[in-house]
Amino acid sequence: MNIEKIRSYAKLIAKVGTNPLKGQDVMLTCDIEVSDFAHLVVEEFYKLGVRKVFVDYIDNRLAKLNCLYQDEEAYSVLESFEIEKQAYIARTIPCRVYLESYEGNAMEGIDIGKYSRASSKKRSMILKYRDIYDNKCQWCIAGVPTRTWAKEVFPNLSDEEAYEALWEAILKTSRALEGDPIENWRKHDENIREKAKLLNDLNLRKLIYHSKNGTDFWLLLNEKCKWLAGGEETSESKVYFQPNIPTEEVFTTPIAGKCEGVVVATKPLILNGQVVENFKIWFKNGKVEKVEAEKGLNALEELIKMDEGSAMLGECALVPYSSPINQTNLIFKSTLFDENACCHLALGRGFENLLEGYEKMTKEEIIEAGINYSLNHVDFMIGSEDLSIIGIDKSGKEIEIFKDGEWAI
């Protein structure tokens with residue numbers, strides 16, 4: 001892949017993805033295999049005048065060994081220096097960048113119950129710090145290929161051909177393959193935000209989903225929450241940034257515990273290093289009642305048991321089936337990409353920043369206003385080429401939002 005295009009992508013992540021302030025710190029997390037690209041991103045951050053860039057490398061093989069061989073008590077505890085890192089983030093509010101690579105099957109063979117219980121305990125130990133820095137710091141998730149990931153997406157190509165093909169697919173869907181990536185994103189951001197404005201103007205109170213694959217479902221929307229797309233703004237410094245590269249979604253947070261019916265997943269889900277495929281989720285009285293999956297059922301069952309909010313919805317997102325990512329005809333096996341291929345929902349924590357006046361509200365007031373609270377936020381895809389979505393506005397009027405998987409507004 002052309003090194004200049006890769007450098008332009010690194011610049012896009014740093015400048016547009018997080019838009020750092022002069023003198024701000026950056027915390028970057030990535031797979032150890034993508035260290036060369038991480039160096040390019042770090043350099044772009046320093047060119048933008050940041051103070052320090054801290055890099056955490058992920059080693060999935062080591063993570064698996066830790067889960068296999070540590071006893072559960074040790075595996076479930078964050079040490080004091082690990083907790084202090086979260087306290088540091090809460091004090092200093094750095095930019096946060098995650099370079100996502102494929103992790104499907106990385107944890108295959110572990111005790112998923114042990115992993116889930118330990119994850120719940122460790123996340124609980126730092127939740128108070130997350131509550132402080134969420135919405136205050138810029139953050140960005142962007143994809144970077146590894147050769148393992150490339151072979152998953154392009155199994156019929158040689159290792160090098162697959163790697164090049166995945167680089168091209170990532171750059172293309174991230175609007176960084178042709179032209180000026182920064183200008184491309186400016187135009188895209190304007191276009192996608194216009195859809196959010198249309199939805200906000202409709203004052204919808206309910207969405208009803210139907211698809212021939214068996215999806216038959218409804219959810220209630222929160223009248224105090226807005227629809228959002230593209231970039232976001234930090235709550236205090238008011239810095240504009242792009243949390244997902246790529247993004248095609250227009251999304252909001254529904255009322256916690258107000259949905260009913262069955263949804264059928266249309267793409268695989270990578271969950272805690274395991275692949276969940278061909279699954280269905282039934283909701284009753286606003287919570288998950290039952291799940292089925294041909295593969296990865298245990299991982300899905302452990303997710304919804306992690307806390308009360310994990311069995312309720314925190315997001316509904318609208319993406320046309322003809323999105324650029326879906327047009328590639330690829331299954332990326334990465335939530336970042338696959339969630340932006342078609343409509344999706346998310347189990348777990350809702351987005352409090354979509355709630356009017358959230359900055360002045362306590363956590364309890366935010367929950368009281370209908371925002372789901374959880375340790376998790378897990379997106380799963382339900383979009384199909386025949387998906388129908390009907391909206392009901394505050395007067396009871398029906399409005400066709402999606403027809404045959406595409407925007408109808």
Side-chain angles (χ1 to χ4, degrees), residues 1-64 66 81-82 85-86 88-89 92-104 106 133 137-153 159-160 162-177 181-182 185 239 241-247 270 273 332-337:
M1 179 53 63
N2 183 297
I3 185 62
E4 292 308 313
K5 291 187 182 296
I6 293 177
R7 285 186 183 277
S8 293
Y9 181 51
K11 183 177 181 179
L12 176 71
I13 293 169
K15 185 175 179 61
V16 176
T18 61
N19 190 16
L21 299 170
K22 297 285 186 183
Q24 191 173 14
D25 287 349
V26 177
M27 289 193 167
L28 185 151
T29 303
C30 66
D31 192 290
I32 196 168
E33 291 186 48
V34 303
S35 59
D36 286 346
F37 181 75
H39 297 163
L40 297 179
V41 178
V42 169
E43 183 176 6
E44 292 299 331
F45 272 117
Y46 281 126
K47 288 178 181 179
L48 293 170
V50 305
R51 190 185 77 98
K52 282 187 177 182
V53 182
F54 303 92
V55 179
D56 283 335
Y57 287 115
I58 298 170
D59 183 337
N60 285 316
R61 291 171 63 190
L62 180 59
K64 182 175 181 177
N66 287 337
F81 69 92
E82 295 174 291
K85 179 180 177 180
Q86 297 299 313
Y88 178 85
I89 295 173
T92 62
I93 314 297
C95 297
R96 305 186 71 207
V97 180
Y98 182 73
L99 302 180
E100 179 169 301
S101 300
Y102 173 76
E103 63 168 348
Y133 62 71
C137 64
Q138 308 100 292
W139 57 277
C140 180
I141 305 174
V144 184
T146 62
R147 282 167 172 78
T148 301
W149 184 13
K151 285 296 287 183
E152 284 289 331
V153 181
D159 289 358
E160 198 57 35
Y163 184 64
E164 288 292 310
L166 185 54
W167 254 125
E168 181 171 332
I170 287 174
L171 293 180
K172 182 178 181 179
T173 56
S174 300
R175 292 177 165 78
L177 187 62
I182 292 177
W185 267 86
V239 177
F241 66 99
Q242 295 286 341
N244 287 346
I245 296 178
T247 187
I270 307 302
F332 283 88
K333 295 186 178 178
S334 159
T335 299
L336 172 65
F337 289 86

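Because the structure is a prediction, the values reported are computed rather than measured.
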Do Tyr9 and Val41 have side-chain heavy atoms sitting under 4.5 Å apart?
no
Within the 4.5 Å heavy-atom criterion, are Arg96 and Leu28 side-chain neighbours or not?
no
Apply side-chain contact (heavy atoms from CB on, under 4.5 Å) to Val26 and Thr18, showing your working.
CA-CA 9 Å; Val26 177; Thr18 61; 5.8 Å; no
Between Asp25 and Lys52, is the closest basic N to carboxylate O distance under 4.0 Å?
no
Restricting to salt bridge (Lys or Arg N to Asp or Glu O under 4.0 Å), what partner residues turn up for Glu33, sequence neighbours left out?
none
Evaluate side-chain contact (heavy atoms from CB on, under 4.5 Å) for Ile6 paired with Leu40, printing each intermediate quantity in order.
CA-CA 9 Å; Ile6 293 177; Leu40 297 179; 3.7 Å; yes
Smallest separation among heavy atoms of Cys30 and Ala38, with atom names
SG-CB, 3.8 Å
Charged N to carboxylate O below 4.0 Å: is that the case for Glu152 and Lys333?
yes
Would you check if Met27 and Val97 make a side-chain contact, meaning some heavy-atom pair closer than 4.5 Å?
no
Test item: Trp185 and Ile245 side chains (from C-beta on) under 4.5 Å apart, heavy atoms
yes
So which heavy atom on Leu336 is nearest to which on Gly143, and how close?
CD2-N, 3.5 Å
Answer whether the closest heavy-atom distance between the side chains of Cys140 and Pro243 falls below 4.5 Å.
no
With rounding to the nearest 0.5 Å, note down the distance linking CH2 in Trp149 to OG in Ser334.
4.5 Å
Mutual orientation of the aromatic rings belonging to Phe332 and Phe337 [parallel < 30°, tilted 30-60°, perpendicular > 60°]:
parallel
Side chains of Gln242 and Gln138: is there a donor and an acceptor less than 3.5 Å apart?
no
Apply side-chain contact (heavy atoms from CB on, under 4.5 Å) to residues Ile182 and Lys11 and explain how you reach the verdict.
CA-CA 9 Å; Ile182 292 177; Lys11 183 177 181 179; 4.1 Å; yes
For atom CD of Gln86, is the number of surrounding heavy atoms from other residues, nucleotides or ligands below 6.0 Å larger than 12?
yes
Between Tyr163 and Pro145, which heavy-atom pair has the shortest distance, and what is it?
CE1-O, 3.7 Å
Nearest heavy-atom contact between Tyr57 and His39 is OH-NE2, 3.6 Å
Minimum side-chain heavy-atom gap Lys151-Arg147 below 4.5 Å:
no
Centroid-to-centroid, Tyr133 to Trp139, below 6.0 Å?
no
Please round to the nearest 0.5 Å and tell me the distance separating atom NZ of Lys64 and atom CG of Asp59.
12.5 Å
Heavy-atom closest pair (Thr335 atom, Ile270 atom, distance to 0.1 Å) is OG1-O, 4.3 Å
State whether the side chain of Asn244 and the backbone N or O of Thr247 hold a donor-acceptor pair below 3.5 Å, judged by distance alone.
no
Is Gln24 reaching over with its side chain to a backbone N or O of Leu21, donor-acceptor style, under 3.5 angstrom?
yes
At their closest point, which heavy atom of Val50 faces which heavy atom of Pro20, and how far apart are they?
CG1-CB, 3.7 Å
To the nearest 0.5 angstrom, please state how far the CD1 atom of Ile141 sits from the OG1 atom of Thr29.
10.5 Å
With a 4.5 Å limit on heavy-atom distance, are the side chains of Ile58 and Asn60 in contact?
yes
Is the NZ atom of Lys172 crowded by more than 12 outside heavy atoms at less than 6.0 Å?
no
Would a distance-only check, ignoring hydrogens and angles, find a side-chain to backbone donor-acceptor pair under 3.5 Å from Lys5 to Leu177?
yes
Run the side-chain contact (heavy atoms from CB on, under 4.5 Å) check on Asp31 and Phe37 step by step: do they pass?
CA-CA 10 Å; Asp31 192 290; Phe37 181 75; over 6 Å; no
How long is the straight-line distance from OH of Tyr46 back to CD of Glu43, given to the nearest 0.5 Å?
11.0 Å
Rounded to the nearest 0.5 Å, what separates atom CG in Asp36 from atom CD1 in Ile3?
9.0 Å
Indicate yes or no: at least one non-hydrogen side-chain atom of Glu44 is less than 4.5 angstrom from one of Ile13.
no
